[in-house]
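Every chain is numbered from 1, with letters handed out A, B, ... down the list of sequences.
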Protein chains: 2
Amino acid sequence: MKQKITIKTIAKELGVSTSTVSKALKDSHEISEETKQKIQAYANLYNYKPNNLALQLRNQKTKLIGVILPQIVHHFFSTIIKGIEEVANEKGYHIMVCFSKESYKKEYENLRVLSNGSVDGLIVSIANETLENKDFSHFKDLVSEEIPLVLIDRVVSEIMCDKVVVDDVGGGYKATDYLLHSGCKKIALVTTPNHVSVSALRRQGYEKALIENYIKSDASLIVEIDDDKDFNTQISHIFDQDIDGILAVNEIYAAKCIRYAKEKQFDVPNDISVIGFTDGLISEYSTPSITCVAQHGFLMGKQAVEMLIHHIENDSEDYHPRRNVISSDLIVRESTKSSS
Amino acid sequence: MKQKITIKTIAKELGVSTSTVSKALKDSHEISEETKQKIQAYANLYNYKPNNLALQLRNQKTKLIGVILPQIVHHFFSTIIKGIEEVANEKGYHIMVCFSKESYKKEYENLRVLSNGSVDGLIVSIANETLENKDFSHFKDLVSEEIPLVLIDRVVSEIMCDKVVVDDVGGGYKATDYLLHSGCKKIALVTTPNHVSVSALRRQGYEKALIENYIKSDASLIVEIDDDKDFNTQISHIFDQDIDGILAVNEIYAAKCIRYAKEKQFDVPNDISVIGFTDGLISEYSTPSITCVAQHGFLMGKQAVEMLIHHIENDSEDYHPRRNVISSDLIVRESTKSSS
DNA sequence: CGGAATTGCGAAAACGGTTTCGTGTTGACA
DNA sequence: TGTCAACACGAAACCGTTTTCGCAATTCCG
C-alpha cells in the first residue's frame, strides 16, 4: 500500500506543529483563519484522511460491533445480520461478522480474538455444539470482563447479559393450535435433537397446545431428524399413522415433508396440512406455498444492536440485564386449510 | 467496560519496565527465567491480553478485510460471504461486512470509512445504482491510493484491479442451449433492466445460443422486469405467444414464472420448461425443483480473498491486475425435459 | 587481576492522532 | 509605561505495544 499522508507530513511540509494541524483540521478557534486555510487546502489536495487506528487507540473505542453467528447461508441469520447492520450504521457503528459453524472451538476462538479490544461489544447466537456441551465459561469470562454482550435467539439463562429471543413456545403453540382449529386431529412434529434450545421450546409449545385441546402427546408422532441420515426414511413411519398435520421446526423440513407427502399421493393441505418455522424464500415460493411461523429476524437484529449500543454508550449507569421477547406470527399460506 | 490490564500495569506492579514485560511475554532470551516466570504468572492470573488496536497501529496492519456487498438476504451473496470468511479465517484474517443496499451513496460512504486504515484490503461487488450512474471515481481513488481491492461478480473494466467473475455469458448460453436441445423452439427471457451487468451478460449468452441454432432473437420474447410493478402482468404477454421455454435470470423470477404457468394450466416442464440462475434453496425445494445455472458463490468468495491476501502480503512485487472467471454449471432438475 | 564478553534489563522512539497546558507576541487600557 | 487579556501556536503527554540501543553488573578468559 502507498505511504499514506499523516498529520506529521503536513506539519513538516507547512512548517507548523502537529497540534496546529490537528486543530486546524477540526476548525478550532485557536488557529488563525489564514493558517487554517493553508492547512485545510493542503490536506484536501493530498486527500488526507485521519488514520482510524490511531483514533481508536486514543479514544479507546472502535465503533465496531462483533457479530458471531452459527451460520450465514440461512434466511433467518442473514436477516438478523441485515437488521444489525442497518441500525448499527445509523448509529455510526460497523460490524465484524464471524461464523462459528456450530462449532465450540470456532466460537471460542472468535470470542477470544474479538474481545481483545477489537470491538466495543458483541452480539452472539450460540453454536449448537456449545449448547450440547453446556460449557459457557468463555461467555462468562466475557461478562466478567464487562464486555457488552447481547445473546440472540439461542440463549442460556446462566449467562448474565442482555438477550433477545423469539417466543418459540408461543410460535409452536400458535402453529399447533391453528392446525387443530383447521380440523387436524393427529399432528406430527418433525424436529431436531432436543439439545437445540429453540427446537425444545417449539416442542413445548406444540405439547402445550395439544394438552389444552385434550389430546395426548404421542412420542411416536415426534421425529428428531439426524441430518446425516436420509430424511425420508426417518419420517416415513409417521405417514403410516393417519396423520393429518405436520409441524416442522424449520422450512426445509417442512418443504421436504411436503415433497414426501406428494410422492405418497397425499394432498397438501387437504389430506395433510403442514406448517414450518422460518419465513424464508422456500415458504414463500414453493408450491403449495408454506404456512409458517415468522420469527422476525430483522427485528431481532435491530433490537439486539439497540440494546448493545445502549449498554456501550451508557457504561456508567448500573447495569441490569434485559431480556426482549419477540413474538412470532403465523403467516398463513397454502399448505394449511383455513381455520374454522 | 472494565479497565483492562495493560503491560504498563504489570510493569508497575512488578517493578520492572514495560520493555521487560513485553519481552518476557514473548519468551525472549534477553530476560532471565526467573523474571519471565514471574511476569507470565502475573499476566496469566489477571488474564492479560495484548490490546489489538495498539498492535495494529504498531504493525500497520489490521488483519481485517472489508467486504461490501449490495445485499445480504440473498443466497448467492451469503454464500460468497461464507467463502470469504472461511479462507480469511484460515489465513488469520477477519472480515468487516457492509451492505450498500444497491445505493451509490451507501457504497461511497462505506468505501470512505473502510479506506481509512481500518482494513488491509477490500472485496466489493458494485451496487446497481453505481452501475447505472457509471460513476466509479470512488473506486479509482481507492486504486490510486493502492489499497488492495478485489471486485467480484459485478465488475467494470475501467477499474484496474483484481476481479473474480462468473462466466455469465457461458451460463446463459449453456442454459439456452440445453433448452433447445431438450426440444424447446420458442424461448422467452425474463430478465432485469439491462444496466445490471450480469443480466446483460446472461442475455448475451442467450442470444448467442439462439443465433448458433439459427433462431432469430425476438424482442417481444424478452421481458425486463420492473420490481416495483406486478410481476404477473409484466410476463403475461409472453405466455400468449406459444412459448415452450423460459430462461429467468434469477431463481425468484423462475419460481414466479412456474407459479404463473401452473395457474394458466401449463405443465412444467412438458408444456413449458424453465431454467433459472442462482442455485439456491428455492430451486432445490420447490415443486417442481428448478433446473438452474449454479454460480458457485462459495468458490468466488474463496478465490477473491485468496487474490486479495496475496496482494496484501506481497506488496512489493509489481502488480498486474488478474481476472478469474468461474465457470457456471447447469444443475438439471425437474423443471426441464431431459436433453436429447 | 584486568579486560572482554555475556547477561539482564531499562530508556526511548515509533505507530498517528488528540488535548492540555504553557508561552510569546499583540494590542488595549488605565 | 506597565498590566492584562486575547490571540496563535507549540511542547509534551497520552493511548498500548514493540524494538533498538545502551548501560550496568556479572562472568569468563588469559
Side-chain angles (χ1 to χ4, degrees), chain A residues 1-40 42-43 46-64 113 115-120 145 315, chain B residues 1-40 42-43 46-64 113 115-120 145 315:
Chain A
M1 217 182 311
K2 202 147 110 186
Q3 188 57 29
K4 300 200 71 169
I5 182 171
T6 73
I7 269 197
K8 281 189 195 169
T9 332
I10 304 184
K12 198 180 295 174
E13 285 305 307
L14 263 44
V16 294
S17 78
T18 59
S19 1
T20 307
V21 177
S22 174
K23 290 169 190 164
L25 292 174
K26 341 200 72 169
D27 231 4
S28 159
H29 62 275
E30 283 185 53
I31 307 297
S32 70
E33 276 310 317
E34 193 189 1
T35 315
K36 276 199 265 190
Q37 294 278 331
K38 196 173 59 176
I39 292 176
Q40 287 169 4
Y42 190 97
Y46 290 99
N47 193 23
Y48 166 78
K49 296 185 227 163
N51 179 305
N52 238 326
L53 293 177
L55 289 179
Q56 293 175 356
L57 181 59
R58 168 128 250 274
N59 299 331
Q60 295 291 79
K61 60 177 85 157
T62 61
K63 288 282 184 176
L64 225 52
V113 174
S115 64
N116 279 226
S118 304
V119 297
D120 290 346
E145 287 177 51
D315 198 14
Chain B
M1 216 182 310
K2 201 147 105 187
Q3 189 53 30
K4 299 202 69 170
I5 181 170
T6 74
I7 271 197
K8 279 189 194 169
T9 332
I10 304 183
K12 199 181 295 172
E13 284 306 307
L14 263 44
V16 294
S17 77
T18 59
S19 359
T20 306
V21 176
S22 174
K23 289 170 191 163
L25 291 174
K26 336 201 75 165
D27 230 5
S28 158
H29 62 274
E30 282 186 52
I31 308 297
S32 70
E33 275 310 317
E34 195 190 359
T35 315
K36 276 198 266 190
Q37 295 278 329
K38 197 174 56 177
I39 293 176
Q40 287 170 4
Y42 190 96
Y46 290 99
N47 194 23
Y48 166 78
K49 296 184 227 162
N51 179 304
N52 237 325
L53 292 177
L55 288 178
Q56 292 175 357
L57 180 59
R58 168 127 251 276
N59 299 331
Q60 294 291 83
K61 61 175 85 156
T62 61
K63 287 282 182 176
L64 225 53
V113 175
S115 64
N116 278 226
S118 303
V119 297
D120 290 346
E145 288 178 50
D315 198 15

Mind checking what makes side-chain hydrogen bond (donor to acceptor under 3.5 Å, both in side chains) contact with [X], not counting sequence neighbours?
X      : answer
N47(B) : E145(A)
K38(A) : none
N51(B) : none
N59(A) : none

Where do N or O atoms of nucleotides 21-27 of chain C meet protein N or O atoms at under 3.5 Å, pair by pair?
none

Y42(A): which residues meet the ring-ring contact (aromatic ring centres under 6.0 Å, His included) condition with it, sequence neighbours left out? Y46(A)
Do any N or O atoms of the protein come closer than 3.5 Å to N or O atoms of nucleotides 15-17 of chain D, and which pairs are they?
from, atom 1, to, atom 2, distance (Å)
dC15(D), OP2, K8(B), NZ, 3.1
dC15(D), O3', Q60(A), NE2, 3.4
dG16(D), OP1, Q60(A), NE2, 3.1
dT17(D), OP1, Y48(B), OH, 2.8
dT17(D), OP1, N51(B), N, 2.9
dT17(D), OP2, I7(B), N, 2.6
dT17(D), O5', Y48(B), OH, 3.4

Listed by chain and number, what are the side chain to side chain contact (heavy atoms under 4.5 Å, CB included) partners of K8(B), not counting sequence neighbours?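 Expected list: T6(B), T18(B).
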E33(B): what forms a side chain to side chain contact (heavy atoms under 4.5 Å, CB included) with it, not counting sequence neighbours?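 K36(B), Q37(B).
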Restricting to non-hydrogen atoms, name the atom on I39(B) and the atom on V16(B) that form the minimum distance, rounded to 0.1 Å.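 Nearest heavy atoms, I39(B) then V16(B): CD1-CG2, 4.3 Å.
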Nearest whole angstrom, please: distance from the [atom2] of [N] to the [atom1] of [X].
X      : N       : atom1 : atom2 : result
I39(A) : dA8(D)  : CD1   : P     : 13 Å
Q56(B) : dG17(C) : CD    : P     : 15 Å
K12(B) : dC9(C)  : NZ    : C1'   : 19 Å
H29(B) : dT6(C)  : NE2   : P     : 12 Å
D27(A) : dT18(C) : CG    : C1'   : 16 Å
N52(B) : dC15(C) : CG    : C1'   : 15 Å
L25(A) : dG16(C) : CG    : P     : 16 Å
K61(B) : dG16(C) : NZ    : P     : 14 Å

Listing request: all salt bridge (charged side-chain N to carboxylate O under 4.0 Å, His left out) pairs with a residue in residues 50-62 of chain B, at least two apart in sequence or in separate chains. none
So what is the end-to-end bend of the helix from dC1(C)-dG30(D) to dA30(C)-dT1(D), with 5 pairs used at each end and the value given to 10 degrees?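 Between the axes fitted at each end of the helix from dC1(C)-dG30(D) to dA30(C)-dT1(D) lies an angle of 70°.
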Side-chain N,O (T20(B)) to OP1/OP2 (dC9(C)) below 4.0 Å: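 So the side chain of T20(B) is outside the cut-off, no N or O lying under 4.0 Å from OP1 or OP2 of dC9(C).
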Taking 4.0 Å as the cut-off, does a side-chain nitrogen or oxygen of S19(A) come that near to OP1 or OP2 on dT18(C)? no
Using the rule side-chain contact (heavy atoms from CB on, under 4.5 Å), only one of L55(B), N52(B), L53(B) pairs with L57(A); which is it?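 Among the candidates, only L53(B) passes.
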In residues 21-29 of chain A, what donor-acceptor pairs under 3.5 Å come from side-chain atoms, sequence neighbours left out?
from, atom 1, to, atom 2, distance (Å)
K23(A), NZ, E30(A), OE1, 3.3
D27(A), OD1, Q40(A), NE2, 3.3
S28(A), OG, E30(A), N, 3.0

